[in-house]
Amino acid sequence: MIRVLIFLLMYLQWFLELWDASHAVLGLIAVIAIQRALHKILISVFLSREFKHDETNRAWWTGKWYGRGLGSHVVSQPAREFVVKIVELGLWSSDFLLGHVLLFMLTPPLLIPYGDRLHATSVSLMLIEVHNSH
């Protein structure tokens, strides 16, 4: 949710900068850097070590916090698990976006006819050159 709002603000910035792509790329880099910094701060400040069992995660998804063997930590674990879920979903969304960017960047070279043969030939020649140099 936060990432979507940030990208909407970045789109607004791109519009206000008269559709200058260089400013949009710099804004994207800044947004990613700020979000990575926020994630690192959240992880270092709020996230302690997890219990060895997976009871806090199970309690989060079932909503049953008592009777899980958490003891006095039953008060603080819901807030900790909330921060964990925010960080995990933020990391997942960045991986999802990066995967799609790579997919869209690598799709046009796949459409080159006989590209696989060209690639196999160039790799073979490089390997032969490396072998002959030793």
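Index from 1, following the sequence.
The nearest pair of heavy atoms linking K64 to A59 is O-CB, 3.4 Å. Scanning all heavy atoms of the two residues, the minimum distance from T56 to E81 falls at OG1-OE1, 3.4 Å.
Within the structure, salt bridge (Lys or Arg N to Asp or Glu O under 4.0 Å) contacts touching residues 29-38 (residues at least two apart or in different chains) do not occur.
Under a hydrophobic-cluster definition in which Ile, Leu, Val, Met, Phe, Trp and Tyr are linked whenever side-chain heavy atoms come within less than 4.5 Å, directly or via other members, V75 and W65 are assigned to the same cluster. Side-chain heavy atoms closer than 4.5 Å link hydrophobic residues (I, L, V, M, F, W, Y) into clusters, and following such links, even through other members, never connects V101 to I29. In the hydrophobic cluster analysis, where Ile, Leu, Val, Met, Phe, Trp and Tyr join through side-chain heavy atoms closer than 4.5 angstrom, L111 is grouped apart from L106.
When each of V45, I43, L42 is checked for a side-chain contact (heavy atoms from CB on, under 4.5 Å) with V83, only L42 meets the rule.
Residue I112 shares its hydrophobic cluster (ILVMFWY side chains chained together at separations under 4.5 Å) with no other residue. By the 4.5 Å side-chain criterion applied to Ile, Leu, Val, Met, Phe, Trp and Tyr, F96 is assigned to a cluster that also includes W92.
The line from CD1 of I86 to CG of L38 is 11.0 Å long, rounded to the nearest 0.5 Å. Between D95 atom CG and L91 atom CG the span is 7.0 Å, to the nearest 0.5 Å. Taken from CD in Q35 to OG in S93, the straight-line distance is 6.0 Å, to the nearest 0.5 Å.
Looking at heavy atoms from C-beta onward, K85 lies in side-chain contact with N57 at the 4.5 angstrom threshold.
Taking the six-membered ring where the residue is Trp, F82 and W60 present tilted rings, their angle falling between 30° and 60°.
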